[in-house]
Enquirer: 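Here it is: the structure, laid out below.
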Amino acid sequence: MTGLSRDLIDALFPADLAEPAELEQRYPPRDLPAGAEVTRFAPSPTGSLHIGGVFTATVALDVARHSGGVYLVRIEDTDQARFDETSAAQFRAAFSYFGITPDESDEAYGGSPGRYGPYTQSARASLYLTYVRDLMRRGRAYPCFATKDELAEIAARQKATGALPGYYGDWAIWRDAPEDQVRERLAAGDAYVVRFRSPGLSGQRVSFTDEIRGEISFDDNRNDVVILKSSDLPRRLPTYHLAHAVDDHLMRISVVIRGEEWLSSVPLHRQLFAALEFGPIRYAHVAPLMKQDGGSRRKLSKRHDPEASVGYYIEQGFPVEAVQYYLRGLANGRLADLPLREALAQPLRLDEFGVAGPLADMVKLDDICADFIATLPGEQVIERLLPWADERDRDLAAVVRRERDVALRALTVERGDDVANPRKDLRKWADFRAVYGFFFPEMFTLVTDPADERFGGLEPELVRAMATGFAAGYVDPGPGVAWFDQVRALSAELGFAPSQKVYKKDPAAFPGSIADASAIVRVLITGTRRSPDLAAVSAALGRDEVLRRVGGIS
RNA sequence: GGUCCCGUCGUCUAGUGGCCUAGGACGUCGCCCUCUCAAGGCGGUAACGCCGGUUCGAAUCCGGUCGGGACUACCA
């Protein structure tokens with residue numbers, strides 16, 4: 001393990017690279033009170049954000065904020081082939097929608113650039129090179145010229161002989177290659193990667209503490225993993241492993257909160273930290289959100305599940321607080337039993353996390369959302385609805401703005417401070433049009449055909465008689481007025497059964513029951529057979545509008 | 001295949017040797033209320049994966065087994 005000579009190594013790198021010691025000074029430990037945590041969320045820019053990302057980011061942000069620390073966003077774009085340039089805008093929109101704006105990040109992501117930037121890995125390329133060179137100079141990393149074919153062949157032989165897969169031991173053909181062989185390939189212009197010289201011995205165990213899972217032990221890493229990608233790529237970028245070590249150290253992250261899929265890489269990461277002479281870092285591995293798939297479950301996937309993308313929540317207009325409340329409940333079960341406002345204010349605790357991946361339950365989310373919106377005063381419903389509608393339903397936004405008073409009155413129907421059991425008919429802003437649209441004259445189509453199927457197949461003459469009679473004797477709803485009595489009386493006059501019970505006893509004796517009779521009025525006033533309380537709707541609509549609607553048929 | 005993680009009602013969970021004939025929430029079913037919905041009230045349904053052991057006593061501790069998941073890339 002005599003390394004390569006210094007001049008050979010240095011010739012591989014730009015001459016103006018900083019030394020590790022300089023970087024230590026440029027990015028000094030943060031001046032924060034004891035106990036303050038520095039956390040980060042590090043997504044790859046491959047399109048829209050995954051809801052699991054919002055989950056992890058929420059946790060990271062919460063841990064930082066509640067400890068008086070810093071939460072930052074770093075973009076992991078070392079895989080230039082998968083880079084999607086729409087990501088920045090989508091991420092930023094998602095952060096802002098879910099209220100998880102970073103303290104520090106590149107400007108495009110909503111945070112303010114701090115002194116630990118840049119916060120995008122491709123812009124940090126020379127930083128990684130400093131450490132790769134340093135590792136090589138100290139014999140802890142080496143160039144590897146193995147081609148894809150050679151690697152495939154090694155893997156095949158390992159499989160055939162039952163050997164453990166990987167690039168290690170005798171299989172690591174470039175690990176101790178003589179210097180002249182390296183020079184020869186270099187001179188020939190062959191492409192190479194840089195591999196970490198793993199100090200791990202086969203069979204050696206290592207253990208560490210995960211902030212969520214507690215004590216965990218693994219076989220130590222023995223693979224000489226690639227830390228710097230191929231020299232024939234347009235840009236010399238590191239793999240995730242090296243980037244993680246360099247960035248999280250230089251950004252002075254105190255606890256790495258990331259997906260569970262990284263758990264088994266921790267032994268490697270610890271070797272890297274040690275080789276790089278970085279201080280220790282803590283880890284918390286969060287289980288992924290799952291989706292029921294037939295008899296088993298799998299990770300919620302952007303490809304297959306619309307609810308995996310944050311775009312879905314934004315488009316549908318799920319209220320942020322409700323989504324946050326749901327997510328926090330999944331993180332710490334204790335919070336799911338608290339009222340929403342309290343649960344949102346309570347700190348998330350890493351050691352209270354469930355270790356198994358929870359199933360994302362959209363039905364439960366709906367319930368939480370409906371509950372939440374039901375507690376909102378009308379003014380606030382409108383205030384939250386409008387920004388959503390401006391983006392997703394401009395016609396609706398225009399109508400609600402123009403007729404704000406109508407919207408406000410509509411939102412007093414069976415809801416509001418004085419109502420014990422408010423209606424829970426809105427789960428997300430996209431529901432508004434369907435549920436409340438009929439209140440707005442401009443969005444309401446008059447029902448003019450007495451044979452309309454919404455009347456349920458009643459004789460057109462009967463429908464017309466009900467309409468005319470209702471209009472003729474119309475009494476406004478008000479205090480002390482039993483508004484529905486006028487419907488009841490008219491219904492009896494026209495021969496309808498006074499109740500479902502009576503009607504069912506002898507269906508032939510009546511054209512229908514009071515339910516069918518009131519449906520006529522309901523359809524005329526609201527356009528549908530299912531609506532909130534008619535008296536309350538009529539009060540919100542006002543006498544003129546009610547009569548205009550009922551008059552559509554006579 | 002190997003390594004690791006995980007395993008309580010359909011779902012999220014409470015539960016850390018006796019308070020457990022296993023509690024709550026969502027769902028679901030039934031009833032009540034009722035002019036239709038949305039709600040609301042009341043009630044029901046339903047789980048400790050399995051097998052051994054330790055113990056006076058186990059959902060809780062141990063071993064095994066089965067099942068699920070992650071990783072095993074020059075993707076992150």
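No hydrogens, no waters, no symmetry mates; every other heavy atom, side chains included, goes into these values. Numbered from 1 within each chain, the chains take letters A, B, ... in sequence-line order.
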Enquirer: What interatomic distance, in whole Å, is found between P of rG18(B) and the corresponding atom of rA59(B)?
Expert: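 Rounded to whole Å, the distance is 11 Å.
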
Enquirer: In whole Å, measure the gap between the P atoms of rU28(B) and rA38(B) for me.
Expert: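 The answer is 11 Å between these two P atoms.
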
Enquirer: Quickly work out the L237(A) CG to rC74(B) C1' distance and round it to whole Å.
Expert: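 After rounding, the gap between these two atoms is 11 Å.
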
Enquirer: Separation of D224(A) atom CG from rA73(B) atom P, in whole Å?
Expert: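 So the two atoms are 14 Å apart, to the nearest Å.
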
Enquirer: Counting only Watson-Crick or G-U wobble pairs whose two distances fall under 3.5 Å, which nucleotide matches rC61(B)?
Expert: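 Per the H-bond distance test, rG53(B).
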
Enquirer: Would you classify S44(A) as touching base, sugar-phosphate or nothing, given that sugar-phosphate means primed atoms plus P, OP1 and OP2, and contacts are heavy atoms under 4.0 Å?
Expert: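 Sugar-phosphate: the residue S44(A), judged by heavy atoms under 4.0 Å, touches backbone atoms but no base.
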
Enquirer: If you only use heavy atoms from C-beta on, which nucleotide in rA76(B), rC6(B), rC35(B) is closest to the side chain of V355(A)?
Expert: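 Nearest to the side chain of V355(A) among the choices is rC6(B).
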
Enquirer: State which of rC37(B), rC4(B), rC12(B) makes the closest approach to the side chain of P358(A).
Expert: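 So the nucleotide nearest the side chain must be rC12(B).
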
Enquirer: Would you measure the distance from the P atom in rA22(B) across to the matching atom in rC48(B) and give it in whole Å?
Expert: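 It comes out at 11 Å once rounded to the nearest Å.
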
Enquirer: Would you indicate which nucleotide in rC71(B), rU36(B), rC4(B) comes nearest to any side-chain atom of S264(A)?
Expert: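 Among the listed nucleotides, the one closest to the side chain of S264(A) is rC71(B).
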
Enquirer: Is it true that R205(A) and D220(A) have a side-chain N and a carboxylate O under 4.0 angstrom from each other?
Expert: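 The answer is no: the pair does not qualify as a salt bridge.
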
Enquirer: With the stacking rule set at 5.5 Å and 30°, tell me whether Y240(A) counts as stacking on rC75(B).
Expert: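 According to the criterion (under 5.5 Å, under 30°), no, Y240(A) does not stack.
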
Enquirer: Could you check how far CD of E260(A) sits from P of rG68(B), rounded to whole Å?
Expert: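 To the nearest whole Å, that distance equals 16 Å.
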
Enquirer: Between rC74(B), rG1(B), rA76(B), which nucleotide gets closest to the side-chain atoms of P165(A)?
Expert: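 Output: rG1(B).
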
Enquirer: I'd like to know if R488(A) pairs up with D485(A) as an ion pair, taking the criterion as any Lys NZ or Arg NE/NH1/NH2 lying under 4.0 Å from an Asp or Glu carboxylate oxygen.
Expert: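 Salt bridge: yes.
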
Enquirer: Think T528(A) has a side-chain N or O under 4.0 angstrom from the OP1 or OP2 of rU36(B)?
Expert: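 For T528(A), the contact criterion (side-chain N or O under 4.0 Å from OP1 or OP2 of rU36(B)) is not met.
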
Enquirer: The side chain of D367(A) is closest to which nucleotide in this list: rC26(B), rC74(B), rC71(B)?
Expert: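 Among rC26(B), rC74(B), rC71(B), the one nearest the side chain of D367(A) is rC26(B).
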
Enquirer: Who is the Watson-Crick or G-U wobble partner of rG67(B), with both distances under 3.5 Å?
Expert: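 Paired with rC6(B).
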
Enquirer: Let me know the distance between CD of E76(A) and P of rC74(B), rounded to the nearest Å.
Expert: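 Atom-to-atom, E76(A) to rC74(B), this comes out as 17 Å.
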
Enquirer: Give a yes or no on whether the ring-centroid distance for F510(A) and F496(A) is below 6.0 angstrom.
Expert: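 Between F510(A) and F496(A), the centre distance exceeds or equals 6.0 Å.
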
Enquirer: Among the candidates rU36(B), rC74(B), rA70(B), find the nucleotide nearest to the side-chain atoms of R522(A).
Expert: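 Of the options given, the side chain of R522(A) lies nearest rU36(B).
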
Enquirer: Can you tell me how far P in rC51(B) sits from the matching atom in rU60(B), rounded to whole Å?
Expert: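 The answer is 13 Å between these two P atoms.
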
Enquirer: Under 3.5 Å, is there an N or O donor on one side and an acceptor on the other linking the side chain of R213(A) and the base of rC6(B)?
Expert: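 Answer no: no donor N or O sits under 3.5 Å from an acceptor.
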
Enquirer: So what's rU28(B) paired with, Watson-Crick or G-U wobble, going by both distances under 3.5 Å?
Expert: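 Paired with rU28(B), as far as the under-3.5 Å criterion goes, is rG44(B).
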
Enquirer: For nucleotides rC20(B) and rA47(B), find the distance between their C1' atoms and express it as a whole number of Å.
Expert: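 My reading of the C1' atoms in rC20(B) and rA47(B) gives 13 Å.
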
Enquirer: Taking only N and O in the side chain of R415(A), is any of them less than 4.0 Å away from OP1 or OP2 of rA38(B)?
Expert: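 Checking R415(A) against rA38(B): no side-chain N or O falls below 4.0 Å of OP1 or OP2.
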
Enquirer: Assess whether a salt bridge exists between E260(A) and R213(A), defined as any Lys/Arg side-chain N lying under 4.0 Å from an Asp/Glu carboxylate O.
Expert: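 Yes, this pair counts.
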
Enquirer: Are any of K229(A)'s side-chain N or O atoms less than 4.0 Å away from OP1 or OP2 of rC75(B)?
Expert: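 For rC75(B), OP1/OP2 do have a side-chain N/O of K229(A) under 4.0 Å.
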
Enquirer: How close or far is atom P of rC12(B) from atom CG of L338(A), stated in whole angstroms?
Expert: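 It is 20 Å, rounded to the nearest whole Å.
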
Enquirer: Using the benzene-type ring in the case of Trp, are the ring centres of W174(A) and Y167(A) under 6.0 Å apart?
Expert: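 Judged by ring-centre distance (under 6.0 Å), W174(A) and Y167(A) do not meet the cut-off.
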
Enquirer: Is K148(A) salt-bridged to E150(A), cutoff N-O under 4.0 Å?
Expert: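 No salt bridge links K148(A) with E150(A).
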
Enquirer: Taking A191(A)'s backbone N and O only, do any of them form a donor-acceptor pair with S231(A)'s side chain (distance below 3.5 Å, no angle check)?
Expert: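 Flag not set: sc S231(A) to bb A191(A) has no pair under 3.5 Å.
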
Enquirer: Between rG23(B) and rC50(B), how many Å separate the two C1' atoms, rounded to a whole number?
Expert: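 My reading of the C1' atoms in rG23(B) and rC50(B) gives 25 Å.
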
Enquirer: Please report, rounded to the nearest Å, how far the P atom of rG15(B) is from the CG atom of D337(A).
Expert: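 Checked: the CG to P distance equals 10 Å.
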
Enquirer: For S217(A), which contact category applies under a 4.0 Å heavy-atom criterion: base, sugar-phosphate, or nothing?
Expert: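 Sugar-phosphate only.
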
Enquirer: Is R82(A) salt-bridged to D77(A), going by a charged N under 4.0 Å from an acidic O?
Expert: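 D77(A) and R82(A): not salt-bridged.
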
Enquirer: Where each residue is assigned the nucleotide of RNA chain B containing its nearest heavy atom, which of W262(A) and V363(A) is assigned the position nearer the 5′ end?
Expert: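 It is V363(A) whose nearest nucleotide is closer to the 5' end.
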
Enquirer: If you draw the axis of the six-membered ring of Y168(A), does the NZ or CZ of R222(A) fall within 45° of it and under 6.0 Å from the ring centre?
Expert: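 Yes - R222(A) lies over the ring of Y168(A), closer than 6.0 Å to its centre and within 45° of its axis.
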
Enquirer: Could you tell me whether the side chain of D533(A) has a donor or acceptor atom within less than 3.5 Å of a complementary atom in the base of rC35(B)?
Expert: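 Yes, a donor-acceptor pair under 3.5 Å.
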
Enquirer: Is R235(A) close enough to rC74(B) that one of its side-chain N or O atoms is under 4.0 Å from OP1 or OP2 there?
Expert: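 No, R235(A) has no side-chain N/O under 4.0 Å of OP1/OP2 on rC74(B).
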
Enquirer: Can you tell which of rC74(B), rC75(B), rC71(B) lies closest to the side chain of E261(A)?
Expert: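 Per side-chain heavy atoms of E261(A), the pick is rC71(B).
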
Enquirer: Searching all strands shown, indicate the nucleotide that pairs with rA14(B) (Watson-Crick or G-U wobble; both distances under 3.5 Å).
Expert: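 rA14(B) is unpaired by these criteria.
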
Enquirer: Assert yes or no for the condition that the ring centre distance of H244(A) to Y283(A) is strictly below 6.0 Å.
Expert: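 Yes, they do, as the ring centres are separated by less than 6.0 Å.
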
Enquirer: So what does A336(A) touch, heavy atoms closer than 4.0 Å: a base, only the sugar-phosphate, or nothing?
Expert: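 Nothing: the residue A336(A), judged by heavy atoms under 4.0 Å, touches no strand.
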
Enquirer: Testing the 3.5 Å rule here: is there a donor-acceptor pair between the side chains of D224(A) and Y142(A)?
Expert: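 Checked: D224(A)/Y142(A) side chains pair up, N/O donor to acceptor below 3.5 Å.
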
Enquirer: Does R530(A) place a side-chain N or O at less than 4.0 Å from the phosphate oxygens OP1/OP2 of rU34(B)?
Expert: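 For R530(A), the contact criterion (side-chain N or O under 4.0 Å from OP1 or OP2 of rU34(B)) is not met.
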
Enquirer: Counting heavy atoms from C-beta on, name the nucleotide in rG69(B), rC75(B), rC35(B) closest to the side chain of M290(A).
Expert: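 Looking only at heavy atoms from C-beta outward on M290(A), the closest nucleotide is rG69(B).
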
Enquirer: Give a yes/no on whether any side-chain N or O of K291(A) is located under 4.0 angstrom from OP1 or OP2 of rG69(B).
Expert: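 False: K291(A) side-chain N/O out of range (4.0 Å or more) of rG69(B) OP1/OP2.
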
Enquirer: Using the side-chain heavy atoms of K299(A), tell me which of these nucleotides is nearest: rC35(B), rA70(B), rC12(B).
Expert: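 Given the options rC35(B), rA70(B), rC12(B), the side chain of K299(A) is closest to rA70(B).
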
Enquirer: What nucleic acid atoms does P43(A) come within less than 4.0 Å of, heavy atoms only: base, sugar-phosphate, or nothing?
Expert: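 Touches nothing.
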
Enquirer: So if I apply the side-chain contact (heavy atoms from CB on, under 4.5 Å) rule between V59(A) and each of I212(A), I257(A), V54(A), which one comes out positive?
Expert: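 By the side-chain contact (heavy atoms from CB on, under 4.5 Å) criterion, V59(A) pairs with just one of I212(A), I257(A), V54(A): I257(A).
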
Enquirer: Which whole number of Å gives the distance between the P atom of rG43(B) and that of rG63(B)?
Expert: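 The answer is 44 Å between these two P atoms.
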
Enquirer: Is F484(A) touching bases, backbone alone, or none of the nucleic acid, heavy atoms closer than 4.0 Å?
Expert: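 Contact class for F484(A): base.
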
Enquirer: Rounded to whole Å, please give me the gap between CZ in R303(A) and P in rA76(B).
Expert: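 Nearest whole value for this atom pair: 19 Å.
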
Enquirer: Taking only the P atom of each, what is the distance from rA14(B) to rC71(B) in whole angstrom?
Expert: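 Each nucleotide's P atom is 25 Å from the other's.
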
Enquirer: Rounding to a whole Å, what distance do you find between D248(A):CG and rA76(B):C1'?
Expert: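 Rounding to the nearest Å, CG of D248(A) and C1' of rA76(B) are 13 Å apart.
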
Enquirer: Could you let me know what rU21(B) is paired to, Watson-Crick or G-U wobble, both distances under 3.5 Å, or none if it's on its own?
Expert: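 Across any shown strand, rU21(B) pairs with none.
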
Enquirer: Check every atom of rC37(B), rC35(B), rC74(B) against the side chain of K148(A) and return the nucleotide holding the closest atom.
Expert: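 Between rC37(B), rC35(B), rC74(B), the one nearest the side chain of K148(A) would be rC74(B).
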
Enquirer: Counting the atoms with a prime plus P, OP1 and OP2 as sugar-phosphate, which does A356(A) contact under 4.0 Å by heavy atoms, base, sugar-phosphate, or nothing?
Expert: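 If one applies the 4.0 Å heavy-atom cut-off, A356(A) turns out to touch the sugar-phosphate alone, with no base involved.
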
Enquirer: With a 4.0 Å limit, can you tell me whether R298(A) has a side-chain N or O closer than that to the phosphate oxygens OP1/OP2 of rG68(B)?
Expert: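 No, no such contact exists.
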
Enquirer: Set out, line by line, the N/O atom pairs under 3.5 Å between protein and nucleotides 40-42 of chain B.
Expert:
residue : atom : partner : partner atom : Å
rG40(B) : OP1  : K424(A) : NZ           : 3.1

